[in-house]
There are 2 protein chains.
Amino acid sequence: MNVIDESGILAIATRLQRLSDQFRKDGVLIYKANGVDFEPKWFPVIYTLHLRSVLSVVEIANEIGYTHPSTISLLKELEKVKLIRSKKDKADERKRLIQLTAKGQELIEQMKPVWEVMVAALTELTTTQNNLLQAISEVEEQMKRLSLFERAKRISLTG
Amino acid sequence: MNVIDESGILAIATRLQRLSDQFRKDGVLIYKANGVDFEPKWFPVIYTLHLRSVLSVVEIANEIGYTHPSTISLLKELEKVKLIRSKKDKADERKRLIQLTAKGQELIEQMKPVWEVMVAALTELTTTQNNLLQAISEVEEQMKRLSLFERAKRISLTG
DNA sequence: CAAAACTACGTAGTTAACTACATATATTCA
DNA sequence: TGAATATATGTAGTTAACTACGTAGTTTTG
């Protein structure tokens with residue numbers, strides 16, 4: 001991967017994705033090693049329901065920052081393995097209200113110590129001179145002010 | 001996306017991916033706005049061939065850090081739009097040697113000023129208190145020493 | 001109060017990476 | 001030197017996100 005590393009910031013999207021993939025793969029291994037039957041991709045939905053208890057499909061999608069079709073397919077999986085259940089909202093028949101099952105809540109209790117280990121390991125790994133998590137937050141903040149595209153446009157005009 | 005941002009480091013894989021996606025989408029817009037017919041996903045291959053001129057399929061895959069099947073499908077696309085061409089290696093008949101076409105080289109010359117703008121925009125965006133690119137390099141370095149999984153295992157045992 | 005606009009959810013198809021497996025050629029070693 | 005192993009490429013199928021589009025309720029408005 002020499003060329004990509006040497007090409008510097010131009011290949012930053014590729015490197016971000018590579019890092020994300022590696023974290024996720026190790027996540028699978030860590031859950032497995034701790035006897036927990038859970039996939040990292042489920043985390044955003046499950047964690048959101050852990051904190052908010054009852055939400056509609058679109059509300060979950062917004063919380064986790066995915067599109068609603070992606071969210072629906074995650075919800076289908078989670079319903080299949082009985083970690084969540086859903087019912088129609090009587091006040092608004094368009095809505096489907098989602099919540100954790102008892103099994104889902106038990107699983108969360110089981111995962112809490114694993115999450116603690118993960119937090120410790122991730123913190124150890126990312127507490128370097130330039131903190132990765134903070135760097136992400138800072139860049140997200142910058143993008144809110146002005147997107148990469150807008151910045152490029154401005155540089156093209158003034159350069 | 002409140003919950004994900006608030007859950008801190010546990011959702012770091014999700015946030016890395018989201019950032020990567022946003023960069024790539026803006027990349028598409030920037031190429032388009034500059035009248036260049038090029039997709040960001042082609043960058044690793046094209047840039048590698050720009051620097052190394054003739055390489056086999058597996059050599060390219062290693063340089064860009066993808067699996068060889070992924071690389072083959074990228075190469076197919078690039079051959080279709082005539083940015084690269086390939087021929088059998090006479091010294092080793094298993095190998096296919098890949099290189100840029102004249103069209104590919106011209107396109108690179110056309111893209112160079114766009115890349116400069118991108119570098120400037122990305123640098124502006126990511127030069128914050130904690131530098132994202134450096135943070136990525138530092139974490140990659142840490143992972144080489146000991147993977148996330150190994151760290152989690154060690155923490156579980158000693159904790 | 002009916003038409004228009006909006007919101008919530010769902011399905012179908014696409015994309016860009018992956019793993020697993022198959023085949024052909026090259027190299028090594030008993 | 002031929003059998004075993006390794007390497008290079010290719011194909012098929014999977015995955016986890018996406019966009020585009022359709023339908024059914026809800027809200028707004030002329």
Between Trp115(B) and Tyr47(B), does a ring pair (Phe, Tyr, Trp, His ring centres under 6.0 Å) hold up when you go through it step by step? CA-CA 11 Å; Trp115(B) 287 347; Tyr47(B) 195 76; 5.7 Å; yes
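- Within the nucleic acid shown, Lys76(B) comes within 4.0 Å of sugar-phosphate atoms alone, with no base atom in reach, counting heavy atoms only.
- As rounded to whole Å, 14 Å separates atom C1' of dC18(C) from atom CD of Gln22(A).
- Following rounding to the nearest Å, Ile64(B) (CD1) and dC18(C) (C1') show an atom-to-atom distance of 13 Å.
- Summary of the strand contacts: Glu93(A) and Thr71(A) both lie near DNA chain D, and taking for each the nucleotide with the nearest heavy atom, the more 5' one is attributed to Thr71(A).
- Rounded to an integer number of Å, the gap from Leu97(B) CG to dT7(D) P is 18 Å.
- Contact annotation: side chain of Arg96(B) to base of dT9(D), donor-acceptor pair absent below 3.5 Å.
- When the nearest nucleotides of DNA chain D are assigned to His68(A) and Ile72(B) by heavy-atom distance, the more 5′-ward of the two goes with Ile72(B).
- No N or O donor and acceptor, one from the side chain of Arg94(A) and one from the base of dT26(D), sit under 3.5 Å apart.
- Per the geometry, NZ belonging to Lys88(A) stands 14 Å off C1' belonging to dT26(D), to the nearest Å.
- For the OP1/OP2 pair of dC18(D) and a distance below 4.0 Å, the side-chain nitrogens and oxygens of Ser70(A) include at least one atom meeting the criterion.
- Using a cut-off of 4.0 Å between Lys/Arg side-chain N and Asp/Glu carboxylate O, Glu150(B) and Lys153(B) are scored as salt-bridged.
- For the pair Ala91(B) and Val58(A), both in contact range of DNA chain C, the more 5′-proximal nearest nucleotide belongs to Val58(A).
- Residues Glu39(A) and Lys32(A) are not paired through a salt bridge, judged by the lack of any N-O separation under 4.0 Å between the basic side chain and the carboxylate.
- To the nearest angstrom, P of dA17(C) lies 17 Å from CZ of Arg15(A).
- Using a 4.0 Å heavy-atom cutoff across all strands shown, Ser73(B) reaches no nucleic acid atom at all.
- Residue Gln17(B) comes nearest to Ser20(A) through the heavy atom pair CB-OG, 3.8 Å, listed as atom of the first residue, atom of the second, then distance.
- Asp21(B) comes within contact range of no nucleotide atom at all, as no heavy-atom separation falls under 4.0 Å.
- A side-chain donor from one of Ser86(B) and Arg96(B) sits under 3.5 Å from a side-chain acceptor of the other.
- Considering only side-chain N and O atoms, Tyr66(A) lies nowhere under 4.0 angstrom from the phosphate OP1 or OP2 of dC18(D).
- Using a 4.0 Å cut-off, no side-chain N or O of Arg24(A) falls inside it from OP1 or OP2 of dA17(C).
- Both Glu77(B) and Asp92(A) sit near DNA chain C, but only Asp92(A) has its closest nucleotide nearer the 5' end.
- A distance of 8.5 Å separates CG in Leu97(B) from CG in Leu55(B), rounded to the nearest 0.5 Å.
- Residue Ser56(A) places at least one side-chain N or O closer than 4.0 Å to OP1 or OP2 of dC9(C).
- Atoms CG (Asp89(B)) and P (dA24(C)) sit 19 Å apart, rounded to a whole Å.
- Summarising the geometry, the separation between NZ on Lys41(B) and P on dA17(D) is reported as 19 Å, rounded to the nearest angstrom.
- The distance from atom CZ of Phe43(B) to atom C1' of dA16(C) is 18 Å, rounded to the nearest whole Å.
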